[in-house]
Amino acid sequence: MIQFCIMSGYEGRIRPEPKIYVTFMGGCSLKRETVARQILTQRLHEREGKTHPPRQFFLTVMGGVDIASPTLAEEFIDLREMINSRTLSMDDWDRAMADLGRSDVSISSFTLMGGFSGDGLPTEGQEIESLAVQRHLGTISDSAGAVLQFGVGRHDAERRATLRQAILADA
């Protein structure tokens, strides 16, 4: 599939499928899937006999592409819902964390007179606002929210460890 963005903007999610993104004089803002969803996708690919993640290519000319992780609140809610529905267990989570290099897609890019950011985090403001809204709605408990606050601005293993601690605090 091909996604064109010419002299305009596009905002969406990166899905685990082969895809080409063409951005010309515009902006493309994408969000990765949550780690819990990445684990389920990896399981599905293993069942189907796929050994490599889907390839995605980004061609950017005089524009910008920004790929960011979901907020901690999104990660937490998704993981908790999958654990509660028994789609995923903490053992599955722990096994997946052993493979820190796992990715749901394989990304390559060519950028000319533009910018490409492939591993961004949500801003501190986005993280805090998302946590505040979910705590206010009662979707995230105060104890889990307090733990998740420690993960703001953290990358990779620290971020995933914070999610695990928040799940345990919520139990």
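- Tracing side-chain contacts under 4.5 Å through hydrophobic residues (I, L, V, M, F, W, Y), one reaches Ile20 starting from Met62; they form part of the same cluster.
- Scanning for ring-ring contact (aromatic ring centres under 6.0 Å, His included) contacts around Phe76 gives an empty result, with sequence neighbours left out.
- Listed for the Ser141 side chain is a donor-acceptor partner under 3.5 Å among the backbone atoms of Ala144.
- Side-chain contact between Leu112 and Phe110: present, with at least one pair of heavy atoms (C-beta onward) separated by less than 4.5 Å.
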Report task. Take Arg32 and Ile67 through the side chain to side chain contact (heavy atoms under 4.5 Å, CB included) test and state the conclusion after the steps. Result -> CA-CA 7 Å; Arg32 291 187 183 279; Ile67 302 171; 3.9 Å; yes
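- Note: the hydrophobic cluster containing Leu59 also contains Met7 (ILVMFWY, side chain heavy atoms under 4.5 Å, direct or indirect links).
- Under the 4.0 Å criterion applied to side-chain N and carboxylate O atoms, Glu74 and Arg13 are assigned as salt-bridge partners.
- Residues Arg160 and Trp93 approach most closely at O-CZ2, 3.7 Å, considering heavy atoms.
- Using a distance-only test at 3.5 Å, with no hydrogens or angles considered, no donor-acceptor pair links the side chain of Gln165 to the main chain of Val147.
- Annotation: side chain of Ile14 is in contact with side chain of Gln56 (closest heavy-atom distance under 4.5 Å).
- The shortest distance between side-chain heavy atoms of Lys31 and Glu11 does not fall below 4.5 Å.
- Across all non-hydrogen atoms, the minimal contact from Cys28 to Thr23 is CB-OG1, 3.6 Å.
- There is a side-chain donor-acceptor pair under 3.5 Å between Gln42 and Glu46.
- One finds the NE2 atom of His52 at 9.5 Å from the OG atom of Ser106 (value rounded to the nearest 0.5 Å).
- The environment of CD in Glu48 is crowded: more than 12 heavy-atom neighbours from other residues, nucleotides or ligands sit within 6.0 Å.
- The distance from atom OG1 of Thr139 to atom CG of Leu131, rounded to the nearest 0.5 Å, is 11.0 Å.
- For Glu127, the salt bridge (charged side-chain N to carboxylate O under 4.0 Å, His left out) partners at least two apart in sequence or on another chain are Arg159.
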Report task. For side chain to side chain contact (heavy atoms under 4.5 Å, CB included), just list the numbers for Met90 and Ile83, CA-CA rounded to whole Å, side-chain angles, deciding distance to a tenth of an Å, and then say yes or no. Result -> CA-CA 7 Å; Met90 285 309 291; Ile83 288 172; 3.2 Å; yes
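- Considering only residues two or more places apart in sequence or on other chains, Phe58 meets the ring-ring contact (aromatic ring centres under 6.0 Å, His included) condition with Tyr21, Phe116.
- At distances below 3.5 Å, at least one donor-acceptor pair connects side-chain atoms of Gln38 with backbone N or O atoms of Glu33.
- For the pair Thr34 and Leu79, the minimum side-chain heavy-atom distance is 4.5 Å or more.
- Remark: Glu129 CD to Thr123 OG1 distance equals 8.5 Å, nearest 0.5 Å.
- Side-chain contact between Tyr10 and Phe4 is absent, with no heavy-atom pair separated by less than 4.5 Å.
- Rounded to the nearest 0.5 Å, atoms CD1 (Ile39) and OG1 (Thr87) are 12.0 Å apart.
- Hydrophobic clustering places Phe57 together with Met113 (ILVMFWY residues linked when any side-chain heavy atoms are closer than 4.5 Å, directly or through intermediates).
- In this structure, the side chains of Met82 and Leu40 come closer than 4.5 Å at one or more pairs of heavy atoms.
- Taking 4.5 Å as the limit, some side-chain heavy atom of Arg43 sits within range of a side-chain heavy atom of Asp92.
- Here OG1 of Thr162 is found 12.0 Å from CZ of Arg164. Values are rounded to the nearest 0.5 Å.
- In this structure, a donor-acceptor pair under 3.5 Å is absent between the side chains of Ser29 and Asp66.
- The main-chain N or O of Gln126 is never found under 3.5 Å from a side-chain atom of Ser130 such that the two would form a donor-acceptor pair.
- The distance from the CD1 atom of Ile128 to the CD atom of Gln149 is 7.5 Å, given to the nearest 0.5 Å.
- Among all heavy-atom pairs drawn from Pro18 and Pro54, the shortest one is N-CB, 3.6 Å.
- Taking hydrophobic clusters as Ile, Leu, Val, Met, Phe, Trp and Tyr residues chained together by side-chain heavy-atom distances below 4.5 Å, Ile167 shares a cluster with Ile77.
- Using a 4.0 Å cut-off between charged side-chain N and carboxylate O, Glu17 and Arg15 make no salt bridge.
- Contact detail for Pro122 and Pro70: the closest heavy-atom pair is CG-O, 3.7 Å.
- Side-chain contact check for Asp78 versus Arg37: some heavy-atom pair is nearer than 4.5 Å.
- Annotation for Asp170 and Arg80: closest pair OD2-CD, 3.2 Å, computed over non-hydrogen atoms.
- Ser143 and Ala169 get closest at one heavy-atom pair: OG-O, 3.4 Å.
- Looking only at distances, no side-chain donor or acceptor of Ser8 sits under 3.5 Å from a matching main-chain atom of Cys5.
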